[in-house]
Amino acid sequence: MSIELVFLVLYFAAMLGIGVWAARRKSATTEGFLLADRSLGPAVTALRLQSSSMSGYMFLGAGSLGYSQGYFGMWYALGDVGGGVLNLSILGRRMRKLSAMLGSITSIGYLEHRYPSPWTRAIAAAVALFCMFFYVLAQFLAGGQGLAMVTGLSVDVSMIIAVSVIIGYTFLGGYLAVAYTDFVQAIVMVIGMLWILVATLQYVGGLTAGHEQLAAVDADLLTMWGVDQQYLGEWGVIIGAVLIFSIGYMGWPHVNVSHMAMRQPSVARRAGLYATGFNLAFIPAAYLIGMMALVIVPNLDNPELAIFEVAATVLPSFALGIVMAAIMAAIMSTADALLLQAGTIASHDLWGRFRKGAVDERSSVNVSRITVLVLGVIGVVLAITEPPGVFSIVVFATSVLGAAFVPVYVCAVWWKKANTPGALASIVVGTVAAVTAQLTGSSDSIGFDPMGIGITCSVIAIVVVSLLTQRSSPVPEHVLVAVEEAARVRPVPARLAAGEDPTLASQLPDLDRR
């Protein structure tokens, strides 16, 4: 067995070990399985949030974009660097307080509690499941390609192995397992990416020498306007590239659940610092390595393998094993979060919410686990039969999620007049607009990014419809009081805490802290 395989086997065993440990601790109840009993501190919150946001896209899509478009990819990086701190600053503390006061234990259930109506949960859950499935499909494809390069096995077999490990620890330990595996994986990701970057710059003779060699290939690669200056003046596309990973994160249910799982609201402040540090160290490196791959491994048939090929070229065997573990970490940390959140939506937000009769906690957890297993199997089958590109899938899913959910999540804590009809209109209009823009190729036809179009339509919908329906559909008084309280930096009054969902009774001590 090669040293690369040894590292990967040990790494996979460690992730499964965390799953077993988490299963023994806090996965017996619904709240324990879905939110780790709201017990996570700033470091775990931040790195879990960021690693589940980054995904295999950073090792495949970002490298591919750098390889094909040069510094144009840095527009995406600029937005990405600030995405974590924006999310935690705008939503973190307020969503933690509001979700607890409303008795919410899922990110979709939170929307129904803020915008009371069964339709809120039904529509939001359907859109979220649709997008998450595509996103997790991208992670499976990335995992198969990465593991195949190390093992020499076929992509299909490698994909089955990688997915089996991901499903294994998610199935066992729920959110606690996902949070702590993501924390470990974030650290491995940073070490691996920086290691590749340093070795890459040494290989090409430094950044300046690398730029000179890139200029010899195509001087336009050194501008932020793409090959042949194709994006010069295309500000609609550029703004969309910045926004997709900066504000787009605020529309991801599998990321926003991190706010709800914080130990206390004030965790968001320190978590923002950790998130920014992680992003600065990790994100720009992926695009730079992709660009330098043009010099190191030119004429690649598949640009999405640029970072993989560079790592195999510039690193010694022992280091390659660690780096491959980092690549798998990026993929697994997003896939597990997506699978867990999809299972949550299916079990708690759909089956548990609309099933007649009481649902015991063990049944709810089991439905969530079965959903994780079924989605994993379906995803692998589709990835094997019709494998699309990782970059295109991630951009599509992110655009639709952002357009559908960013306005409703932001308005939930920042605008008291946002009501149920406005939220429903926002989700539906944003989804339709983003999907239509994607299918019609709005970036090429009218020069505007699909997410920019979708989120603009979504914002207009929630504002206009909410204002027009204030009398017919007023925001419930208890919701108004909770939103007002969420804005204050002070302990939650006992009168509000007392009205919580009974499953959150254990959280009362935490709610007395800021």
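Start at 1 with the first residue, then count along the sequence.
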Is it true that a side-chain atom of [X] and a backbone atom of [Y] form a donor plus acceptor pair closer than 3.5 Å?
X	Y	value
Ser426	Ser458	yes
Tyr409	Ser107	yes
Asp228	Gln230	no
Gln50	Asn279	no
Tyr110	Met95	no
Gln69	Val227	yes
Ser89	Leu86	no

Taking only residues two or more places apart in sequence, or in another chain, which ones meet Ala126 in a side-chain contact (heavy atoms from CB on, under 4.5 Å)?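 By the side-chain contact (heavy atoms from CB on, under 4.5 Å) rule, Ala126 matches no residue at all.
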
Mind checking what makes side-chain contact (heavy atoms from CB on, under 4.5 Å) contact with Val410, not counting sequence neighbours?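 Ile90, Leu91, Met250, Val406, Trp414.
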
Check whether any side-chain heavy atom of Ile453 lies under 4.5 Å from a side-chain heavy atom of Asp449, and answer yes or no.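 Side-chain contact under 4.5 Å: no.
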
For a side-chain contact (heavy atoms from CB on, under 4.5 Å) check, start with the C-alpha distance between Met292 and Val310, then their side-chain angles and the critical distance, and finish with the verdict. CA-CA 8 Å; Met292 295 304 163; Val310 168; over 6 Å; no

Between Trp75 and Trp225, what is the ring plane arrangement, given parallel below 30°, perpendicular above 60°, and tilted in between?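 The rings of Trp75 and Trp225 sit tilted, inter-plane angle from 30° to 60°.
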
Does a donor on one side chain sit under 3.5 Å from an acceptor on the other, for Ser258 and Thr45?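 No.
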
Apply ring pair (Phe, Tyr, Trp, His ring centres under 6.0 Å) to [X] and list each qualifying residue two or more places apart in sequence or on a separate chain.
X	value
Tyr71	His211
Tyr274	none
Phe130	Phe134
Phe278	Phe282

Steps toward side-chain contact (heavy atoms from CB on, under 4.5 Å) verdict (Leu49, His259): CA-CA 9 Å; Leu49 185 148; His259 307 319; 3.7 Å; yes

First locate atom CD1 of Ile283, then atom CG of Leu288, and finally report the distance between them rounded to the nearest 0.5 Å.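 Reported to 0.5 Å precision, the distance equals 12.5 Å.
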
side-chain contact (heavy atoms from CB on, under 4.5 Å) for Leu221 and Leu294? Distances and angles first, verdict last. CA-CA 10 Å; Leu221 293 167; Leu294 281 165; 3.5 Å; yes

Pair Val297, Leu300 - check side-chain contact (heavy atoms from CB on, under 4.5 Å), show working. CA-CA 7 Å; Val297 285; Leu300 283 178; 4.1 Å; yes

